[in-house]
Amino acid sequence: EDLPQFPGGPVEMMKWLTRNLKYPKEAEENRLHGKVVAEFIVNKDGSITNVKIVKPLNSPCDREVLRVLRMMPRWTAGVQDGQPCRTKVCIPVEFRL
């Protein structure tokens with residue numbers, strides 16, 4: 001019924017990602033840009049688990065996305081039938097120079 005949500009919503013999530021994501025030096029030197037797609041589970045308590053890359057770009061960028069997503073604050077859990085539930089979330093993270 002209700003999807004999980006980052007504290008403050010999607011705009012706050014983008015601000016948080018922008019503040020915490022660092023462009024890997026190797027990727028920057030090689031002028032590499034593109035998108036990494038990651039997925040994770042938002043548990044009933046809002047914690048994030050099972051973070052993984054489903055569409056890689058390159059190792060340094062993939063590692064950076066994993067590092068940052070594992071630091072995310074607790075989300076508001078998804079709700080089904082009036083109860084909090086585990087929900088899979090998939091997000092793209094774009095690297096642009």
Side-chain angles (χ1 to χ4, degrees):
E1 297 165 6
D2 293 326
L3 294 174
Q5 194 167 76
F6 186 86
V11 171
E12 288 303 313
M13 181 174 74
M14 292 310 297
K15 288 180 188 176
W16 188 89
L17 284 172
T18 302
R19 276 194 313 272
N20 290 284
L21 201 67
K22 294 178 177 59
Y23 213 116
K25 192 170 286 294
E26 177 185 319
E28 192 172 17
E29 288 169 356
N30 293 322
R31 308 214 33 91
L32 181 69
H33 59 277
K35 190 185 309 184
V36 176
V37 179
E39 71 178 26
F40 52 88
I41 302 291
V42 177
N43 292 306
K44 292 177 183 182
D45 66 356
S47 62
I48 306 298
T49 56
N50 298 2
V51 181
K52 62 183 175 182
I53 302 298
V54 293
K55 182 178 176 275
L57 177 59
N58 78 336
S59 289
C61 291
D62 298 347
R63 281 193 305 270
E64 178 63 6
V65 169
L66 291 173
R67 180 189 74 80
V68 170
L69 293 182
R70 288 179 177 137
M71 294 175 16
M72 274 197 297
R74 288 185 186 267
W75 286 42
T76 302
V79 176
Q80 186 166 6
D81 297 327
Q83 298 293 318
C85 64
R86 286 173 43 109
T87 310
K88 184 184 289 186
V89 175
C90 189
I91 63 167
V93 178
E94 192 157 344
F95 287 91
R96 280 186 281 177
L97 294 172

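The basis for the numbers below is simple: all heavy atoms, side chains too, and nothing from hydrogens, waters or symmetry mates.
In terms of heavy atoms, Ala38 sits closest to Val65 at CB-CG1, 4.0 Å. Looking at every heavy atom in both residues, Pro4 comes nearest to Val89 through CG-CG2, 3.7 Å. When all heavy atoms of Pro7 and Arg74 are compared, the pair lying nearest together is CG-O, 3.1 Å. Nearest heavy atom pair, residue Cys61 against residue Ala27, reads SG-CB, 3.7 Å. Taking every heavy atom of both residues into account, Val93 and Leu21 meet most closely at CG1-CD2, 3.5 Å. Contact record, Leu97 with His33: N-CB, 4.5 Å, taken as the closest heavy-atom pair.
Here CH2 of Trp75 is found 8.5 Å from CD of Gln5. Values are rounded to the nearest 0.5 Å. Taking CD of Gln80 as the reference point, atom CG of Leu3 lies at 10.5 Å (rounded to 0.5 Å). Here CD of Glu64 is found 13.0 Å from OG of Ser59. Values are rounded to the nearest 0.5 Å. To the nearest 0.5 Å, the span separating CD1 on Ile91 from CZ on Phe6 amounts to 9.5 Å. Remark: Lys52 NZ to Leu66 CG distance equals 11.5 Å, nearest 0.5 Å.
Criterion: ILVMFWY side-chain heavy atoms under 4.5 Å apart, direct or through other members. Under it, Ile41 and Ile48 are not part of a common hydrophobic cluster. A chain of hydrophobic side-chain contacts below 4.5 Å, direct or via other Ile, Leu, Val, Met, Phe, Trp or Tyr residues, connects Leu17 to Ile53. When the side chains of ILVMFWY residues are joined at heavy-atom separations under 4.5 Å, either directly or via intervening members, Val42 and Val37 end up in two distinct hydrophobic clusters.
The shortest side-chain heavy-atom distance between Phe95 and Val36 falls under the 4.5 Å cut-off.
Within the structure, side chain to side chain donor-acceptor pair (under 3.5 Å) pairs that include any residue of residues 86-97 comprise Asn43-Arg86 (at least two apart or interchain). Each side chain to side chain donor-acceptor pair (under 3.5 Å) pair with one or both residues in residues 22-32, not counting sequence neighbours, would appear here, but there are none.
With sequence neighbours left out, the side chain to side chain contact (heavy atoms under 4.5 Å, CB included) criterion links Asn20 to Trp16, Val68, Met71.
Remark: the backbone N or O of Asp81 is paired with a side-chain donor or acceptor of Glu1 at under 3.5 angstrom.
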